[in-house]
Amino acid sequence: MSVAFIHLKPYRRDVSHLEVGNLRACEGETMGDQTPFSALSNVWDKVKPFLAIVSLQFGYAGMYIISLVSLKQGMSNFILCTYRHVFATIVIAPFAFVLERKIRPKMTLPIFLRIVVLGFLEPVLDQNLYYLGMMKTTATYSSAFVNMLPAVTFILAMIFRLEKINLKKIYSVAKIIGTAITVVGAMVMTLYKGPIVDFIKSGGVAHHGNTTESADKHWVTGTIMLLGSILSWSSYFILQSFTLKMYAAELSLTAWICLMGTVENAGLSLIMVRGLSAWKLGWDSRLLAAAYSGIVCSGIAYYVQGVVIRERGPVFLTSFSPLCMIITAALGTFVLAEKVHLGSILGAIIIVSGLYTVVWGKSKDGRNLESDEKSKGLQELPITNNAKSINVNDSIDGAARIVKIPASNSPFSTRRT
């Protein structure tokens, strides 16, 4: 094999000094970025999804209490869902129109059809089935049944390849075990009551005792409705994650979903509810339930869910749903003087353990993905000439260095001496 020899002048050494200087400058910039403000910003970016989801669970807990009061006063669940999304559309649409006017993607027929399906899955199917299932069983049973949401979402995410499972990795096993622990905790809260634990001496107040057990409840039908509600809600999260990839505007997508939910719920209400008197709202719990659930639990919640799903995925989002039942039980104890059983406390502890396990697995999973992306970005391409490397002999000092370039069959190769 013939070898070409090219003599390089001393400026080559100067270029190497410049390269070293640039590398040091880059390192200096990297070190300079680690200011207290940037470090605090990084911590806030990591904590922000957790705070958003926990706040959302507090909002859902308040909605369950207010909505239950309005339903007991005779308000139809179909009309409640309709007014709920009317308020959500009125509140969210102006913000979406102003804040995302420059980044809003063009609406296409495939995106619109997905929005129609999203409006049917969550605003119509999920919410109405949940209310119907709660009325056919009990509020305690239905709220505990919602804790199946992380497990169902995790299974659907694996089916649609939104979650990658590697049984050789400890964090993947942690996500599976955490999901199973969460389901076990939910079942403990549902099936085991145990003795009453009095945190506050309520003087024997038990105004809800008639609602905990009822012989005329259709448990089988109610359970099927609750299962359909959970399946619809999980499907909504999965479809929302795919839709955000095509329509990357959370506020606009939220406004469209609320609008579609209003239209579809209104059509369903006209079919299921007879009489215009059922549509009347006064300054009572009906108006409060519609406004609160629409603004907080539909408008703001849909937006927060979209942002968190884009950053962490649907499994991370639904992993926090068991906290809603714990918050509701706490609010019921301190606000409504409800009795708390030992089984509820044990189930809550198990749920928190499973929740921590899932979140730990998701955090490790995210760190590994970031490290893989960084390692790919730091890879350097070799200098080649027709897929053959150039070898530099660094052992030669002085004004010239010898670079050995393998001979090439290309007609544009360097001149051999």
Side-chain angles (χ1 to χ4, degrees), residues 41 44-64 66-67 79-124 126-127 233 236-266 281 286-314 316-318 320-321 324:
S41 179
W44 169 248
D45 291 337
K46 295 179 180 179
V47 175
K48 183 169 58 176
F50 294 90
L51 294 178
I53 297 302
V54 173
S55 301
L56 195 62
Q57 300 309 316
F58 276 96
Y60 278 127
M63 181 203 67
Y64 290 144
I66 298 174
S67 299
I79 296 178
L80 175 60
C81 292
T82 303
Y83 279 129
R84 170 178 175 173
H85 293 91
V86 169
F87 280 98
T89 304
I90 293 174
V91 172
I92 296 298
F95 290 97
F97 180 77
V98 174
L99 299 179
E100 294 183 344
R101 62 183 184 277
K102 295 182 179 180
I103 64 173
R104 187 183 301 109
K106 183 180 179 181
M107 179 62 65
T108 61
L109 182 60
I111 296 177
F112 180 76
L113 293 177
R114 292 192 179 198
I115 292 175
V116 172
V117 177
L118 286 172
F120 177 75
L121 285 175
E122 215 288 321
V124 178
D126 166 44
Q127 294 179 16
W233 201 358
Y236 168 82
F237 287 136
I238 300 300
L239 182 58
Q240 186 183 24
S241 63
F242 285 110
T243 306
L244 284 170
K245 297 178 182 179
M246 303 173 59
Y247 196 78
E250 291 86 358
L251 279 174
S252 299
L253 182 61
T254 299
W256 276 108
I257 294 174
C258 292
L259 179 60
M260 289 296 104
T262 301
V263 175
E264 295 172 5
N265 267 307
L281 291 178
R286 295 187 177 189
L287 179 61
L288 179 61
Y292 178 87
S293 59
I295 296 173
V296 176
C297 300
S298 287
I300 298 177
Y302 291 166
Y303 172 73
V304 172
Q305 290 168 2
V307 173
V308 174
I309 284 176
R310 286 191 65 185
E311 294 182 359
R312 297 298 184 92
F316 177 85
L317 175 67
T318 56
F320 285 81
S321 61
C324 181

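Atoms CD1 and CD1, on Ile300 and Ile295 in that order, are 7.5 Å from each other to the nearest 0.5 Å. In this structure, Leu118 CG and Met260 CE are separated by 11.0 Å, a value rounded to the nearest 0.5 Å. For the atom pair OG1 (Thr262) and CD1 (Ile257), the distance works out to 11.5 Å, reported to the nearest 0.5 Å. Taken to the nearest 0.5 Å, the CG atom of Leu259 stands 13.0 Å off from the CD1 atom of Ile92. A distance of 11.0 Å separates CG of Leu281 from CG of Leu288, quoted to the nearest 0.5 Å. Of the inter-residue distances, the one linking Gln305 atom CD with Leu253 atom CG reads 11.0 Å to the nearest 0.5 angstrom.
Residues forming a side-chain hydrogen bond (donor to acceptor under 3.5 Å, both in side chains) with Tyr303 (at least two apart in sequence, or on another chain): none. Under the rule for a side-chain hydrogen bond (donor to acceptor under 3.5 Å, both in side chains), the partners of Glu250 that lie at least two apart in sequence or sit in another chain are Arg310.
Between Phe237 and Ile309, the closest heavy-atom pair is CD2-CD1, 3.8 Å. Taking each heavy atom of Tyr60 and Ala301 in turn, the nearest pair found is OH-CB, 3.7 Å. Annotation for Ala88 and Cys258: closest pair CB-SG, 3.6 Å, computed over non-hydrogen atoms. Nearest heavy atoms, Gly294 versus Phe87: CA-CB, 4.4 Å. In terms of heavy atoms, Pro123 sits closest to His85 at CB-NE2, 3.2 Å.
Evaluation of the side-chain hydrogen bond (donor to acceptor under 3.5 Å, both in side chains) test over residues 114-124, restricted to residues two or more places apart or in two chains, returns Glu122-Gln127, Glu122-Tyr302.
Between the side chain of Tyr247 and the backbone N or O of Phe112, no donor-acceptor pair lies under 3.5 Å. Under a 3.5 Å cut-off, the side chain of Thr82 and the backbone N or O of Asn265 do form a donor-acceptor pair. A donor-acceptor distance shorter than 3.5 angstrom exists from the side chain of Arg84 to the backbone of Cys297, with no hydrogens or angles considered. A donor-acceptor contact shorter than 3.5 Å is absent between the side chain of Ser67 and the backbone of Ala289.
Enclosure of atom CH2 in Trp233 by more than 12 non-hydrogen atoms of other residues, nucleotides or ligands within 6.0 angstrom is indicated.
Taking the side chain as every heavy atom from C-beta outward, Glu264 and Val116 approach each other to under 4.5 Å.
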Step by step, would you call Met63 with Val296 a side chain to side chain contact (heavy atoms under 4.5 Å, CB included)?
CA-CA 8 Å; Met63 181 203 67; Val296 176; over 6 Å; no
Apply the test side chain to side chain contact (heavy atoms under 4.5 Å, CB included) to residues Ile115 and Ile111: give CA-CA distance (whole Å), side-chain angles for both, the deciding distance (0.1 Å), then the verdict.
CA-CA 6 Å; Ile115 292 175; Ile111 296 177; 4.1 Å; yes
